[in-house]
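Working notes, beginning with the structure itself.
Whatever order the structure lists them in is the order used to number ligands and atoms, beginning at 1. All of these numbers come straight from a predicted model, not from anything done at the bench.
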Amino acid sequence: MASGTIAEQPLVKTAAATARLLIIDDEPSIRESLETLLTLEGFDVTLAPDGPRGLEALSRDEFDLLLLDLALPGESGIDLLPRITTMHPQLPVIMITAFGTVGNVVDAIRAGAENFVQKPWDNEKLLADIRSAIARQKAEAEVIQLKRVLKQRYNFENIIGKSEPMLRLFDTVAQVAPSRSTVLIQGESGTGKELIAKAIHQNSPRRDRPFIPVNTGAIPSDLLESSLFGHVKGAFTSAINAKKGLFEVANGGTLFLDEIGTMSIDMQAKILRVLQDRRFMHLGGTSEIQVDVRIVAATNVNLQQAVKDGRFREDLFYRLNVICLELPPLRQRRQDIPLLCQHFLRFYAEENGTEAPSLTPEALRILMDYEWPGNVRELENAMERGVVLSTTRTITPDLLPAQLRGNTYTASLMDHRPDASLFDVMEDIERRIIADRLERCHWNQTEAAEFFKIPLSTLNQKIKRLNVEVRKRTRD
Ligand SMILES: Nc1ncnc2c1ncn2[C@@H]1O[C@H](COP(=O)(O)OP(=O)(O)OP(=O)(O)O)[C@@H](O)[C@H]1O
Ligand SMILES: [Mg+2]
């Protein structure tokens, strides 16, 4: 188990501020103009006129990115590339090509080049490509290092997080996992409750015994009862054979009671009993069965509130709430967003047999600004979609789901509309907020007005003035 809190120690080294670029090109004029452009942009630039001197520079110093000419005299860029990528697998390489060498570029990309730039290049595009390649590489290195540390310290697989609240949570998980205590995990939908439940099991002495998840909220009461407790032959009409219950199946292991907050009141009473003494009877049975099961429960409803409202038994709440873990929503740990993106991009790229794409700075900014009502699951879906849709190795804002793009309410809006006044931009923001809410309310304007806490008449005026698209209600 970890000693001290992980939050006290830096998990990942912070990268140096200035990125170092190496340019290998035989044309002095190209080297010069690239050097001027990139130095002005704050990069630390090293130049090499041919392959041998380029390789020498690579073995001497560490670089963040290589710009490599495709048509070098002697050994060409395309010949050099496999050697470079073998020696420096993490180094992003952008090929510089002359017009009309598409075939070679495809070979270069296959051989591991990140991207290519065609002469004469567009400065803005080149800078954007360089920045996203470096950002992707940094994020990737950070995720690899973070995963290694999390694996070493906590034995966690595939859980990403370096924000304060997540690091505190990891510490608590590591502390409580080895015990037999019941754990209640609370958090919004998609925050990773099941992932944490599995991590608790994996880090407990029960790891070689079963981890059994049950969605207690989705199964009708009678069915849930027979699946949890099992039944004897003939207990009810369809009970042709005797069946073990999940409490028995999970014996020695962990039973994960998911969505416990929406379990019916009569089921709550039945569960309470077995949680008290780990004894129960098969449906229709006469003898008691004793099991050794660790309970981990999860809910996305506020159980304390449900107790107040009479929807959840207070005694059961106290039984479950021995150790309570709160999973913070993603919008309260935005630091984790770039790492999670990188993690999912790599995962889905591997699954699809492609190279992981990188996010352009604009795409990343949109992701950082979004509210993430669906939390990590929504982010994961957006990244999977991006991997599938991207035809180059970058994910631009247009490859993000529409609901994300409609929610960029930040100062960056001004950057994209240099001739607009502050009033225009504010109106634009208001229009987007209203349009987004109307869609989420299924075009029910009364509901939207209530949400905004403004009179319906005011909302109507705004809709007309701002020219917001309205549609027929799609739900009553
Ligand atoms: N910190 C994390 N690191 C990596 N992946 C994560 C993280 N948190 C969640 N995920 C991934 O996001 C998805 C949703 O997580 P999970 O199913 O555990 O959430 P949940 O809270 O149980 O959601 P729901 O309330 O909808 O059941 C899963 O694919 C999970 O692997
Ligand atoms: Mg879940």
Students should be able to answer this: which protein heavy-atom is nearest to atom 15 (O) of ligand 1, and at what distance? G192 CA, 3.6 Å

Does a salt bridge link D369 with R334, judged by any charged N lying under 4.0 Å from a carboxylate O? no

Protein heavy-atom partner closest to atom 7 (C) of ligand 1 - residue, atom, separation in Å: L195 CD2, 3.3 Å

Check side-chain hydrogen bond (donor to acceptor under 3.5 Å, both in side chains) between D336 and all other residues, then give those that pass, not counting sequence neighbours. S163

Distance under 4.0 Å to a non-hydrogen atom of I159: what atoms of ligand 1 satisfy this? 1 (N), 3 (N)

Going by side chain to side chain donor-acceptor pair (under 3.5 Å), name the pairs with one or both residues in residues 224-233, residues two or more places apart or in two chains. E225-K270

Go through the steps for T394 and S358 under the test side-chain hydrogen bond (donor to acceptor under 3.5 Å, both in side chains), then give the verdict. CA-CA 5 Å; T394 49; S358 49; 6.0 Å; no

Between F280 and F229, is the ring pair (Phe, Tyr, Trp, His ring centres under 6.0 Å) condition met? List the steps. CA-CA 7 Å; F280 67 96; F229 303 126; 5.7 Å; yes

Out of E259, E378, K147, the nearest non-hydrogen contact to atom 27 (O) of ligand 1 is supplied by E259

Of L379, N381, V376, the one whose closest heavy atom lies nearest atom 8 (N) of ligand 1 is V376

Measure the acute angle between the ring planes of H201 and F211, then classify it against the limits of 30° and 60° as parallel, tilted or perpendicular. tilted

Heavy-atom distances under 4.0 Å are what count here, so tell me which part of E380 touches ligand 1: side chain, backbone, both or neither. side chain

In terms of residue, atom name and distance, what is the protein heavy atom nearest to atom 14 (C) of ligand 1? R377 NH2, 3.7 Å

Judged by non-hydrogen atoms, does G190 sit under 4.0 Å from ligand 1? yes

Before accepting this row, confirm whether a basic side-chain N of the pair E142/R136 lies closer than 4.0 Å to the acidic partner's carboxylate O. no

With atom 1 (N) of ligand 1 as the reference point, say which of L340, I160, D258 has the nearest heavy atom. I160

Can you sort out which atoms of ligand 1 are near E194, meaning under 4.0 Å from one of its heavy atoms? 18 (O), 22 (O)

Atom 20 (P) of ligand 1: which protein heavy atom is closest, and how many Å away? K193 N, 3.4 Å

Between the side chains of E447 and R437, is the shortest nitrogen-to-carboxylate-oxygen separation below 4.0 Å, so that they form an ion pair? no

Considering only heavy atoms, does N158 approach ligand 1 within less than 4.0 Å through its side chain, its backbone, both, or neither? backbone

